[in-house]
Colleague: 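This is the structure I have questions about; it appears just below.
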Amino acid sequence: MEIRTRFAPSPTGGLHLGGVRTVLYNYLFARQNGGKFILRIEDTDQTRFVPGAEAYINDCLNWCGLKPDEGPETGGHYGPYRQSARKDIYKKFAEELIAKGVAYYAFDSPEALEKMRNAFKTTENPSPQYDRQVRMKMQNSLNLGEAETQKRISAGEAYVVRIKIPDDETIRFNDMIHGEVSFESSVVDDKVLLKADGMPTYHLAVVVDDYLMKVSHAFRGEEWLSSAPVHILLWKYLFGLDKMPQWAHLPLILGPNGKLSKRDGAKYGFPVFAMNWTDPKTNDFTEGFKEKGFLPEAFINMLAMLGWNDGTTQEIFTLDELIDKFSMDRVHRAGAKFDYEKAKWFNQEWIKKLDPDDLCKRVAMSLTSKGLNLPDVNYLKKVTELVKERCTLLSDFYDQALYFFKTPETLDLESIKPKWNSEKAGFFDDYIQWLSAQTAWNSQDLETGFKNLAIQKNIKPGELQLPFRIMLVGAKFGPAVFQIAEMIGAEETIKRIKNALILLHA
Ligand code: GLU
């Protein structure tokens, strides 16, 4: 049997990090078993359709390097891969269910449903559902009989198709993470399968498509567990339980207070979506890991560890290593806590781990996206290697490296002034003289010259290094100051010292 997994998002908004973890686990499992990973767009709810959301999902998967083998863009033998283009397929299955007596036509208007909810509302049951308690009191084919039902349908009356949930049945399945899970049918309602617009609901479409697309394993978020009984019944009625994919319901991702939400991101200042997303209807903006400065390798690595480990203390994994090591039986049941500090740690480790040429390319993109004109790559590569230890996010390189490319616009003179005096000013005047006479220009010589001159002048070199750093960098940070001088060159070093001296004299 071919292993076929799928990611089946509804294109309704940004892609939450939990969604990407779902993609990742499906992807890893398919790759590891020489199978196929499918992208299926579940866009049957036209009221929730958001323009641009599908393209955004593709961009996110591309950025993460988790490309589907089959999908709306890639194609494949089991298409179309967008459910809205499969509308005609589902109707026949809905009719088959009706013919088998396990589904029925329902003509109730939204007002009638509202009335039912009010009429059956009790303190124990504040939101009554359309289920075996009420179905025989409603306008549906179970009540109205064949002739009346056909008459209404021929007259063009709007209807939906609902599943008829059996009485007192225990519905069971084996989850790859949770083991045996069971539900009592008495708590499940008669879910709509086909809507008045002829579109299937998620429940019908997901089952039909998993069958037709020969999905062998479906890993999805735990929030879908409550839908499982309806899906299992549909599998039983339509295709047989032996054909049902192996399911795994992935543990929730927890934020600082319970389930991680989009709002947590805004509240605590961390991204929750893979990439920036602006809702076209509300203009609501949510920050993405990509734009925040995460490397996709680190993002994927961090997500893999949200709910899984390989049983050792290893935390840094490449995608290939994950393909090799990942196993469903090591995925935890309990919710996995998202820790933003830990996410940044992963990124920092990946910045250190990346091949210097590769890192340099990505830093170049990050810097140019902030409007910096870049000098030659060799220079940038040296800068990148010098500052990378100080960078947690790709976006940190701009602040950490800007002074290598531009004369600082402001200098933290307040940190120099309290201990500044004419001897120190004299030292820098002479150091400029000495620097101007240098033919070789390397950090060791610059440091030796600096120290010798300081000793000659009876000033502790340590007291001069901070002013020198501020002259070159503008502030109190950065790698060894003589390395900075070596990098920016004689002319620029002398210029920056002179500028600072003028400001200090003023
Ligand atoms: N369309 C569902 C979603 O938006 C898919 C859930 C499933 O994988 O069954 O997540």
Side-chain angles (χ1 to χ4, degrees), residues 4-30 36-50 53-54 56-58 60-61 66 68 70-72 78 80-87 89-90 163 173 175-178 181 183 191-193 195 199-235 238-239 243-253 259-262 272-274 277 279 303 307 328 331:
R4 292 173 60 80
T5 65
R6 53 45 166 201
F7 177 54
S10 299
T12 53
L15 186 58
H16 188 277
L17 62 97
V20 185
R21 188 193 56 181
T22 301
V23 176
L24 180 64
Y25 287 9
N26 279 289
Y27 178 92
L28 294 175
F29 191 81
K36 296 274 186 323
F37 167 63
I38 304 158
L39 174 67
R40 181 173 71 228
I41 298 294
E42 304 214 321
D43 57 350
T44 56
D45 189 348
Q46 290 175 337
T47 59
R48 293 182 66 216
F49 177 78
V50 174
E54 183 186 326
Y56 167 90
I57 291 167
N58 289 327
C60 291
L61 298 194
L66 303 173
E70 295 172 25
Y78 299 88
Y81 292 90
R82 240 176 241 118
Q83 287 183 332
S84 57
R86 301 169 65 80
K87 188 175 171 185
I89 298 175
Y90 308 108
I163 184 170
F173 82 101
D175 186 281
M176 290 172 80
I177 297 171
H178 298 266
V181 183
F183 308 85
K191 289 261 183 294
V192 173
L193 301 177
K195 292 179 285 187
M199 278 288 196
T201 58
Y202 155 68
H203 302 295
L204 179 63
V206 81
V207 169
V208 166
D209 286 345
D210 280 352
Y211 172 75
L212 293 177
M213 296 181 182
K214 296 199 163 54
V215 170
S216 66
H217 292 75
F219 311 151
R220 59 187 183 186
E222 208 174 277
E223 63 274 25
W224 298 103
L225 197 52
S226 59
S227 301
V230 177
H231 301 173
I232 297 166
L233 290 173
L234 291 175
W235 274 100
L238 287 171
F239 311 117
K243 303 275 179 355
M244 203 174 104
Q246 286 267 296
W247 280 343
H249 290 83
L250 307 177
L252 289 178
I253 296 183
K259 191 177 173 215
L260 181 70
S261 73
K262 205 173 85 172
V272 289
F273 284 172
W277 169 255
D279 188 297
L303 289 177
M328 241 11 227
V331 175

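All ligand and atom numbering here is 1-based and tracks the order in the structure. In this chain, residues are counted from 1 in sequence order.
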Colleague: Does the ring pair (Phe, Tyr, Trp, His ring centres under 6.0 Å) test come out yes or no for F29 and F219, once each step is laid out?
Modeller: CA-CA 10 Å; F29 191 81; F219 311 151; 5.2 Å; yes

Colleague: Mind checking whether V50 and W277 have side chains closer than 4.5 Å, heavy atoms only?
Modeller: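 Yes, their side chains come closer than 4.5 Å.
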
Colleague: If only side-chain N and O atoms count, and only distance matters, is there a donor-acceptor pair under 3.5 Å linking H249 with R220?
Modeller: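 Note: R220 and H249 side chains meet the donor-acceptor criterion.
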
Colleague: Heavy-atom contacts with V206 under 4.0 Å: which atoms of ligand 1 show up? List them by number with element.
Modeller: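 Numbered from 1, ligand 1 contributes 9 (O).
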
Colleague: Hey, is ligand 1 close enough to A8 that some N/O pair sits below 3.5 Å?
Modeller: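 N/O-N/O distance below 3.5 Å exists for this pair.
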
Colleague: Please could you name the atoms of ligand 1 that E42 approaches to less than 4.0 Å, counting only its heavy atoms?
Modeller: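 The atoms of ligand 1 under 4.0 Å from a heavy atom of E42 are 1 (N), 2 (C), 5 (C).
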
Colleague: Would you compute the distance between atom CG of L66 and atom CG of N26 and round it to the nearest 0.5 angstrom?
Modeller: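 Answer rounded to 0.5 Å: 10.5 Å.
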
Colleague: Heavy-atom contact under 4.0 Å between R6 and ligand 1?
Modeller: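 True for this residue.
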
Colleague: For F7, which part has a heavy atom under 4.0 Å from ligand 1: side chain, backbone, both, or neither?
Modeller: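 The answer is neither; F7 stays 4.0 Å or more away.
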
Colleague: As a test of understanding, state which of F173, Y202, F239, F183 forms a ring pair (Phe, Tyr, Trp, His ring centres under 6.0 Å) with H231.
Modeller: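 Option passing the ring pair (Phe, Tyr, Trp, His ring centres under 6.0 Å) with H231: Y202.
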
Colleague: Just to confirm my output: which protein heavy-atom neighbour is closest to atom 6 (C) of ligand 1, and how far is it?
Modeller: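 Residue, atom and distance for the closest contact: Y202 OH, 3.2 Å.
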
Colleague: Can you list the residues that meet the side-chain hydrogen bond (donor to acceptor under 3.5 Å, both in side chains) rule with E42, with sequence neighbours excluded?
Modeller: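 Listed in chain order: R40, Q83.
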
Colleague: To check your reading of the model: name the closest protein heavy atom to atom 10 (O) of ligand 1, its residue, and the distance in Å.
Modeller: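 The closest one turns out to be W224 CZ2, 3.3 Å.
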
